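Since this is a predicted model, take the numbers as computed values, not measurements.
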Amino acid sequence: MRRPHDEELTHIVEAAGEGRSGMVVLIGSSSTGKTRACWEAVQPLADLGWRLWHPFDPSRAEAALADLENISPHTVIWLNEAQYYLGASGGLGERIAAALHTLLTTPDRTPVLVLGTLWESYARIYTSPPKPGTADQHAQVRMLLEGRQLPVPSGFEESEIETAKKLAEDGDSQLAHALAHTRNGRLAQTLAGAPELLRRYQTASPGAKAVLHTAMDARRLGIGLNLPLGFLDEGSEDYICDDEYDSLEDDWVEHALVETSQPVHGGLSPLRQARPRRHQRRKSAPETRGINYRLADYLEQFGREERVELCPPPSFWRATENHLTDPDDLAKIAKSACERGFLRHTVRLCLMLPPARELTSPIHLMMALSPEVDPNRRGLKWFIEHANPADTNFITILAEELKEAGQHESAVQIASQAIEYLDTADIHGAISLADTLTVLGEVESAAIITTRATPQNDLNDTFTSAALAMSLNEAGESHAAAKLAFQASNRLDPSDSVGASFLARAMYKLGEPRFALQVAKKAIHHIDISDAGRASELVSLLHYIGENEDALKLARRASRSADLRNTHQTGLLMDTLARIGEHDSALKLGIHALDATPANSYKAFILLEKIKEIANSTTSSNLDKDPLIIHLRSSEWESLVEEMDRESMDSGSFFELPSPFLPYGRDLDGSPADPWIWDDQEPNR
């Protein structure tokens, strides 16, 4: 059954057959027919002598990166589940994206066709621009995917269902069965057995559901496709309440695996044993050759959505330490543990990692470790051994930590080593590394990096251009910095108030206050005043360059027009108002926002904490009598803070807590951890 995306796909394949390289990634939910659409579309190329290449061994990302440069014309590059390529850790995904871009744009390698599939959640991650001031983790991937995404609807239109009914009437019994059990046009999912998979999960026995929950949580927190039997066995224990657990038989895990392995309509099963091929078994390490299981894609996606705010129980985390061996799995689950405040467990997982430069650097752990936890700085030595020199964001933070610890020479050494691995097309990485080298006194090296990065900068990206101009200036390249800033101002989109604010700030630092004010004035006239985040940045800028009256006027306009439902942006504007001395206005804004926010929600909690913070920063005696402030200072409120903090940590927001930081993190049961130090930690194996 051909649908609109099939027609578009056909045109792309026909163009490839006529000699024009192309790429398309089908974006859609699990079991919507993405892979089938690609497979049907490329069949005509077989008759034209084309080959199909699916990079897979030893891992998808490693295979792709190793052989992409050897791909010859008339090849289909098959990137099914493209997150395993484009989202690969340690910078591999970015390097694959860059290699694909080179392949597609090199004339003597034409024609080639790149086909991929992605869930919407991954596509959003890869294509969303970074927040201002943060490293761009997916710059190459975002550029590669631009204009090359093809959405696949989750449901069939009514007219398409009618066509399906005619095919069923002509004798397609499988289609007839699916139509009889389809709701909301989700025909592809029904054919793939998705509804039955979900029913089997919902009606599973306590033991089987515990094993499935363990598998769901493992996948959403970063563990790979193949889940070790020992991990599922130990990890699932605490998912069952005491009464149910006491009634289970000794071999309840075996019964659960038999139950979840039974296939449903469509040939799928909720959890199936993964069988590596012989050559894969021979290559794998002895400790990784045991029995592994794989969760059905549809249940994986369901678990990601339904369990997003839940934290796995202690048995899950203990099992990660006792049974995971793959370095990439350990690195990713360590990051997830750290995001939930399990700092001691994170250290124990990280100590099991071999020095491996291709792994995701444990930046969250380094940011979380306080001097109390690492008094002898042994942790810093471990970070140096495990630093990926191509992970610029991690290297810059590590260098800053080394400098703070008095290890200036080591800081210079590790930052300097990163220069040879730097991709200057990664402008944000170049800026970050250059700024770090400048702080370390290595101004000449910083100047070399920023000078190399400047020709690759996109002048239409005002924010990045402004940041690069400031970095050039700090590295002593003031003339090049001024030139870049003025070039960017000629391309300025006035509606880009964040970019305009940073550009004006750069011009002010470059000694051009008149031009800085001109850029700021342009932004004021075009700003969407309901966007409190952008307004607050512009207010801060005006205050910074001394235009206090304009800053005050804009702040008051923004307060009246802000979308109060957006808690994050409202908080930014409240902070800005307080910073320019408008404490009463900030508090009024917060109280108005509370009226637009559901009571007892986390958003209300964030606003109340912000109100308390601002109230405590002013000496206004009127606040001492305010009932709301009195409530915020009460022990009852402190108890609620602790409860909401726990909910926030459970969902992975340990680093975003508005309340005081827990220096030792928390134990696996969620309680605050007793004091511990890095030196005393050893993994169980």
Do side-chain atoms of [X] reach the backbone of [Y] as a donor and acceptor pair under 3.5 angstrom?
X	Y	answer
Lys209	Gln202	yes
Asp326	Asp328	yes
Thr110	Arg20	no
Glu94	Ala139	yes
Lys34	Ser29	yes
Arg219	Arg294	no
Ser261	Arg272	no
Ser336	Leu221	yes
Arg220	Arg307	yes
Gln189	Ser154	yes

Task: For Arg304, the option from Glu300, Glu306, Gln301 that meets side chain to side chain donor-acceptor pair (under 3.5 Å) - done: Glu300

Open item on the list: So for atom CZ, which belongs to Arg51, do other residues, nucleotides or ligands contribute more than 12 heavy atoms lying within a distance under 6.0 Å?
Closed with: yes

Task: Neighbour count above 12 (heavy atom, 6.0 Å) for Arg36 CZ - done: no

For [X] and [Y], which I'm curious about, is there any donor-acceptor pair between the side chains at under 3.5 Å?
X	Y	result
Thr182	Thr190	yes
Ser30	Asp297	no
Ser465	Asn457	yes
His428	Thr464	yes

Salt bridge check, [Y] against [X]: does any charged N sit closer than 4.0 Å to a carboxylate O?
X	Y	answer
Lys332	Asp329	no
Arg142	Glu146	no
Glu196	Arg200	no
Asp170	Lys166	no

Open item on the list: Is the shortest side-chain heavy-atom distance between Leu115 and Leu9 below 4.5 Å?
Closed with: yes

Open item on the list: Check the orientation of His74 and Trp50. Use parallel for under 30°, tilted for 30 to 60°, and perpendicular for over 60°.
Closed with: perpendicular

Open item on the list: Show, in sequence, the C-alpha distance, side-chain angles and deciding distance for Phe231 and Thr214, and conclude whether the side chain to side chain contact (heavy atoms under 4.5 Å, CB included) test is met.
Closed with: CA-CA 9 Å; Phe231 166 76; Thr214 307; 3.9 Å; yes

